[in-house]
Amino acid sequence: RRCGRRLSRASALARLPISVEVEAAWEPVVSPDGQHILFAGRRGGQIDVAKVTLQGEELEWLTFHAADDYSPAWSWDGQQVAWVSERAGRGQVWVMEVGREGEVEPRRLPSAYEDRQTRHPAWAPDGTLYLSAIDENGSEELYQYDPATGELAIKTVWPYKATQPAVNAKGEVVFVGWKENPPWRGLYRLQEDGKNGENQEHKLLWETTDWIGNPAWSADGQWILFTRWHDDGGTNDLWALPAAGGEPQRVTSHMAWDAD
């Protein structure tokens, strides 16, 4: 389970003044129109998905369930929200519409993988949804799900272990990939040269033995933000990598935990 981390606007490093009581908040995601923030929040010991304005007002809880709901993601048109819920007994991706009036029932996606753990949803501009799924052997791979057709296409196969996809406005996908021996972790760009994930060589942008995660594209598509854990100092900070690869630049440096 994820520990609580306070929301902040990275550009100003200022705490967002949420006007309604929230015990903890983390995983902030700005809406496509730049007016709202989705986040996972804890209230009364329960973890749900909520949204709030950039000014910290008009807080609205989108989910209310005894099971944990977290890892929210906006669709590019702002009409749908995907998140991970444990209401079916394991973490799986669910989707609900938020752009129309009236109560809308959330639905679990994809139905073909109800027996697996699915997580890290990331919308593409074409309305498809990237996610990672963990099989019975514990191996994690990336998939692209089309809500319109129900089709599920595998995007990474062995030897790639892949998680946490991030998609930019051009539909380009980066993800965290890793190897067991030695324990290298890297940021990769997804390539589409093969058929249904087979025989594809994905572009390695940068690799390290440090623990990395939470990749996110900058608005102009020129940078990839990510978190990096340093064992030597025991800190977790934000870093930025040029989209073409190269050496990352440190964005934050603090003894407190900077993430998501």
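The structure displayed is predicted, hence computed values, not measured ones.
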Open item on the list: salt bridge (charged side-chain N to carboxylate O under 4.0 Å, His left out), that's the test. Do D210 and R185 meet it? Break it down for me.
Closed with: CA-CA 7 Å; D210 292 335; R185 302 175 184 90; over 6 Å; no
TODO: Show your working on side chain to side chain contact (heavy atoms under 4.5 Å, CB included) between I212 and L187 and close with a plain yes or no.
DONE: CA-CA 9 Å; I212 59 175; L187 290 173; 4.1 Å; yes
Open item on the list: Set out, in order, the CA-CA distance, both residues' side-chain angles and the distance that settles side chain to side chain contact (heavy atoms under 4.5 Å, CB included) for W74 and V98, then state yes or no.
Closed with: CA-CA 10 Å; W74 289 104; V98 295; 4.1 Å; yes
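Cation-pi geometry between R107 and W94 is not met: the NZ or CZ atom fails to fall both under 6.0 Å from the ring centre and inside 45° of the normal. Judged by a 6.0 Å distance limit and a 45° cone about the ring axis, R228 is positioned over the six-membered ring of W239.
Between atom CG of residue L142 and atom CZ of residue F175 there is a gap of 6.0 Å, rounded to the nearest 0.5 Å. Distance check, rounded to the nearest 0.5 Å: OG1 of T252 to CZ of R250 gives 7.0 Å. Interatomic distance, CH2 of W83 versus CG of D69, reported as 6.5 Å (0.5 Å rounding). R119 contributes atom CZ, which lies 8.0 Å from atom OH of Y70 (distance to the nearest 0.5 angstrom).
The side-chain heavy atoms of W61 and K51, taken from C-beta on, include no pair separated by under 4.5 Å. Contact check for Y130 versus V173: side-chain heavy atoms found under the 4.5 Å cut-off. L129 has its side chain out of reach of Q144: every pair of non-hydrogen atoms, C-beta onward, lies at least 4.5 Å apart.
At distances below 3.5 Å, not a single donor-acceptor pair connects side-chain atoms of D146 with backbone N or O atoms of G150. With hydrogens and angles disregarded, a donor-acceptor distance shorter than 3.5 Å links the side chain of H202 to the backbone of Q191. Side-chain atoms of S31 never come within 3.5 Å of backbone atoms of I37 as a donor-acceptor pair (strictly under, hydrogens ignored). Under a 3.5 Å cut-off, the side chain of R90 and the backbone N or O of T118 do not form any donor-acceptor pair. Between the side chain of R116 and the backbone N or O of A133 there is no donor-acceptor pair closer than 3.5 Å. Between the side chain of W123 and the main chain of T128, no donor-acceptor pair closer than 3.5 Å is present. Without hydrogens or angle criteria, W76 side chain to G127 main chain gives no donor-acceptor distance under 3.5 Å. For Q79 (side chain) and E97 (main-chain N/O), no donor-acceptor pair under 3.5 Å exists by modelled atom type. Looking at T227, its side chain never comes within 3.5 Å of a backbone N or O of L238 through a donor-acceptor pair. With hydrogens and angles ignored, the 3.5 Å screen pairs no side-chain donor or acceptor of Q117 with any backbone N or O of G91.
Applying the ring-ring contact (aromatic ring centres under 6.0 Å, His included) test to W206 and every residue at least two apart in sequence or in another chain returns F226. Residues forming a side-chain contact (heavy atoms from CB on, under 4.5 Å) with A67 (at least two apart in sequence, or on another chain): H65, E86, R87.
Heavy-atom neighbours of W223 CH2 from other residues, nucleotides or ligands within 6.0 Å: above the threshold of 12.
A donor and an acceptor atom, one from each side chain of Q92 and R108, are located under 3.5 Å apart.
The side-chain hydrogen bond (donor to acceptor under 3.5 Å, both in side chains) test with S132 is passed by exactly one of E141, E140, H120, K155: E140.
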